[in-house]
Amino acid sequence: MPGESKPSGLTRGRLFLILFVGFMLSVAGISVFTNLTRMAERDAARAQQAEGGIRLEPLTIDSGGKRHNFRIEMARTDADRARGLMFRQSMPADQGMLFDFERDQMVSMWMRNTFIPLDMLFIFADGRIHRIEQRTEVESERTISSGVPVRAVLELNAGTAERLGIRPGDRVVHPMFR
């Protein structure tokens, strides 16, 4: 009607629009932060590889009367074990990573931010292989459990255990095992 003024201030529609835009900006900010963090971790892993900062040790698996030799990285600290082989694009066929848990315990692994499919060998303190999880799914957060207390986990390229005939009960030879 003439002479009436429109209500001033926020209408429900405008308030909803402001809240929605704020929410979307928050989601975008979290996404950018997460991606920047992942990029920084990936760059740090690449830099470590490029600088030759990876120290490799010999490891042998005795299987079916044959000896299979590898060069492995050790993951001895919580930080090393948490990072594992994350963000690596490849790994030579004769290399791997040995996770030393320092004592027998139930162990759970996952493949978050891991781009290389792996075989995981769960190993007792005496070096005997308890079980093998073959051809893990890259970037999966599915928990892969040892099932029983073990001392270590050896990660090798997917298909290595099958190709070389490595089985539970075979022995891993490395100074950490008695």
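Count residues from 1 along the sequence.
What you find for Arg128 and Asp126 is that their closest heavy atoms are NE-OD2, 2.8 Å. Closest approach of Ser146 and Gln105 over heavy atoms only: OG-O, 4.3 Å. Minimum heavy-atom separation, Arg81 to Ala75: CG-O, 3.5 Å. Between Gln95 and Leu56, the shortest heavy-atom contact is NE2-CD1, 3.4 Å. Summarising the geometry of Ala158 relative to Asp119, their closest heavy-atom pair is CA-OD1, 3.5 Å, with the distance given to 0.1 Å. Heavy atoms only, all atoms of each residue included: Arg88 and Gly84 are closest at NH2-O, 4.2 Å.
A side-chain donor-acceptor contact under 3.5 Å links Ser63 to the backbone of Gly165. A donor-acceptor pair is defined here as one N or O able to donate and one able to accept, closer than 3.5 Å; no such pair exists between the side chain of Asp62 and the backbone of Val173. Formation of a donor-acceptor pair under 3.5 Å by the Ser145 side chain with backbone atoms of Gly147 is found in this model. A side-chain donor-acceptor contact under 3.5 Å links Thr136 to the backbone of Leu118.
Taking Ile, Leu, Val, Met, Phe, Trp and Tyr as hydrophobic and joining them when side-chain heavy atoms fall under 4.5 Å apart, one finds Leu154 in a cluster with Leu59, Ile61, Phe70, Ile72, Met74, Leu98, Leu121, Ile123, Ile129, Ile132, Leu156, Leu164, Ile166, Val172, Met176, Phe177. In the hydrophobic clustering (ILVMFWY side chains linked at under 4.5 Å, chained through shared members), Val138 stands by itself.
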Could you go step by step and tell me if Phe115 and Glu139 meet the side-chain contact (heavy atoms from CB on, under 4.5 Å) rule? CA-CA 6 Å; Phe115 307 139; Glu139 298 190 77; 3.6 Å; yes
Before you tell me yes or no, could you show the steps for Met24 and Val21 under side-chain contact (heavy atoms from CB on, under 4.5 Å), namely the whole-Å CA-CA distance, both residues' side-chain angles and the distance that decides it to 0.1 Å? CA-CA 5 Å; Met24 293 307 292; Val21 169; 5.8 Å; no
Step by step, work out the side-chain contact (heavy atoms from CB on, under 4.5 Å) result for Phe124 and Val148. CA-CA 9 Å; Phe124 293 119; Val148 299; 3.8 Å; yes
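None of Arg151, His174, Arg76 except one satisfies the side-chain hydrogen bond (donor to acceptor under 3.5 Å, both in side chains) rule with Asp100; the exception is Arg151.
To the nearest 0.5 angstrom, Phe87 atom CZ is 12.0 Å from Ile116 atom CD1. Atom-to-atom distance recorded for Arg135:CZ and Thr160:OG1 is 8.5 Å, nearest 0.5 angstrom. The structure places CD1 of Ile144 at 5.0 Å from CD of Glu133, a figure rounded to the nearest 0.5 Å. Note that the CE atom of Met86 and the CH2 atom of Trp110 stand 6.0 Å from one another [nearest 0.5 Å]. Atom-to-atom distance recorded for Glu155:CD and Met120:CE is 4.5 Å, nearest 0.5 angstrom. Rounding to the nearest 0.5 Å places CD of Glu141 at 12.0 Å from CE of Met111.
A salt bridge between Glu73 and Arg83 is absent, with no side-chain N of the basic residue lying under 4.0 Å from a carboxylate O of the acidic one.
Using a 3.5 Å distance cut-off with no hydrogens or angles, the side chains of Asp80 and Thr77 do pair a donor with an acceptor.
Note on Met91: it clusters hydrophobically with Phe99, by side-chain heavy-atom contacts below 4.5 Å among ILVMFWY residues.
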